[in-house]
Amino acid sequence: MTERIQTLIAGQWRDASGPLYETEYPADGSSVAALHAATAADVDEAVQSAELARQRGNWAGLKRHERAAQLHRIAAGIRERAEELAQLQRLDNGKPIKETRALVASAAGTFQFFAAACETWEDQLTPARGDYLTMSVHEPLGVVGAITPWNSPIASEAQKLAPALAAGCAVVFKPAEITPRMAIELARIAQQAGVPDGIISVLPGKGSIVGDALVKHPLIKRIAFTGGTTVGMGIQRLAAEKLMPTSLELGGKSPTIVCADADLEHAVAGVLYGIFSSSGESCIAGSRAFVHASVYEKFRARLLAGAQALRVGDPANEATQVGPLVSQSHRASVERYVELGRTEGGSVLTGGARPQGVLFDKGSYYLPTVFEGLSNSARMCQEEIFGPVLALLPWSDEADLLAQCNDNVFGLASGIWTRDYKTAWRIGSALQTGTVWVNTYKLFSVSTPFGGVKMSGTGREKGRLGILEYTSQKSFYWGLNESPMPWSTAP
Ligand code: NAD
């Protein structure tokens, strides 16, 4: 049954002023929620109200330990509603319930971490070069915009909201049009935790209308963006007009390298998880597997057996490993890539089709798919598909391997499977990616910074210093000299 929902704008729970639209459950196409999209006028109202709330000083003006206490309450609020949030997230984007539970837990952990960081980050006394003290302090940037995609809403939203609130900023959120629920619920939990009215607004709707107005608004002092590279580049261009800082967490085409000495059982499990968890709808999906020629046949046989054994199905079922893709139109895009891969000379070893059966009729499901026979220069191996499609590529020469891995516009993440730490260090140091996983994949810790290089983005999220991204640094000089400055002393 469709639930009618409202959003939080300028401290009021109400409908946004744009057209009514519905979100759909990807597993069966049924309508989940009905809500109004926001307009540019809503953006202006939310930003103006955030600026007023900021100026009132009852958020940025709190002592750090007081803000931290509220962030702890948000973490507790998320944990209290964990199961409900995980189910709502599943209905929004069709991810298997086990994954959405993990995302909710990670969101709570993110608030807890930034509560601690909020209390403990230190301004500095810097070494002085005379009779004065020098100090470096950090002040909140003001009102910031956060724009997020549909694939892991609650986790990527917490990664922006928690450090921004910890820094003392006000936040205007623009979640993906098709997955608005988590940002709205985070705002509710934050309000109940005591975050003052106006400090958080959530504006669902189209990127080209709401996102664009948010980026251009003169009172917005920073944009934290997660999404596709083309949209990120457009945001960077607009940001340049007002010299506004941004963080851009963008797309990827991550290589995973299996060396001759790898533990094959671990490597197969890691490669399967790296590409097929979240149905491949993951920026860090390990979509190119480079496997050493000496173990290629063995690896390939085990990988195919593993891919075919994956449980594709109802995301509400605890046993499901691969749920539907987020929408019919996204599945159509994945299907176009699979056709392209075939025309580029690749052969489909498994998958390459929709699963058959009543369960799958109405949902946007697609089978885990493995290609071989493609060159790394094929579009299939160069472009982000954002679906359950893996290209297997044999290698034998390390220099050539590294050239192929780095021959890609993206630089988000990579994986290496080897028993030799020297090999791992050598290859890991040469890979042009923001994250390198060694004998594991897709592991995350909020205390470790995350972000990309090349066209995968700029800036970093997470990590203790992630708060500083939402601040402006200021230097103080405190003169200690008893006598006037010698230069200005009258003769
Ligand atoms: P998208 O770029 O289409 O949309 C992301 C967000 O930007 C949405 O909220 C959208 O409405 C908004 N948007 C669209 N046009 C805009 C505009 N002109 N101005 C301002 N905002 C605009 O991406 P998507 O399809 O929702 O998500 C998939 C992409 O996100 C993939 O490329 C994936 O790799 C990337 N992603 C990256 C990370 C990371 O951390 N690097 C994490 C998750 C997803």
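Numbers here simply count residues along the sequence, with the first being 1. Here the structure is a predicted model, which is why all the values come from computation and not from measurement. All ligand and atom numbering here is 1-based and tracks the order in the structure.
- Atoms of ligand 1 found under 4.0 Å from any heavy atom of Thr226 (numbered from 1 in listed order, with element): 5 (C), 36 (N), 37 (C), 38 (C), 39 (C), 40 (O), 42 (C), 43 (C), 44 (C).
- Within the structure, the closest approach of Glu177 to ligand 1 does not fall below 4.0 Å when heavy atoms are considered.
- One finds a salt bridge joining Arg181 and Glu3 here, because a Lys/Arg side-chain nitrogen approaches an Asp/Glu carboxylate oxygen to under 4.0 Å.
- Ion pairing between a basic and an acidic side chain is recognised when a charged N comes within 4.0 Å of a carboxylate O; Glu469 and Arg222 show such pairing.
- Counting heavy atoms only, Gly227 comes closest to atom 35 (C) of ligand 1 of the residues Gly227, Cys283, Ser456, Gly251.
- The distance from ligand 1 to the heavy atoms of Phe450 drops below 4.0 Å at these ligand atoms: 40 (O).
- Under 4.0 Å is where a charged nitrogen must lie from a carboxylate oxygen, and between Arg342 and Glu339 at least one such pair does.
- Under the 3.5 Å distance criterion, with hydrogens and angles disregarded, no donor-acceptor pair is assigned to the side chains of Lys362 and Ser30.
- Numbered from 1 in the order shown, with element, the atoms of ligand 1 that lie under 4.0 Å from a heavy atom of Lys174 read 8 (C), 9 (O), 10 (C), 11 (O).
- The atoms of ligand 1 that sit less than 4.0 Å from any heavy atom of Gly228 are 1 (P), 2 (O), 23 (O), 29 (C), 30 (O), 32 (O).
- Of all the listed residues (Gly207, Gly205, Ser254, Gly452), Gly207 holds the heavy atom that lies closest to atom 22 (C) of ligand 1.
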Exercise for review: Evaluate the criterion ring-ring contact (aromatic ring centres under 6.0 Å, His included) for residue pair Phe444 and Trp437; output intermediate values, then yes/no.
Suggested key: CA-CA 10 Å; Phe444 275 126; Trp437 281 291; 5.7 Å; yes

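- Contact between Gly451 and ligand 1 is absent, with no heavy atom of the residue lying under 4.0 Å from the ligand.
- Ionic pairing of Arg14 and Asp42 is present here: one or more N-O contacts between side-chain nitrogen and carboxylate oxygen are shorter than 4.0 angstrom.
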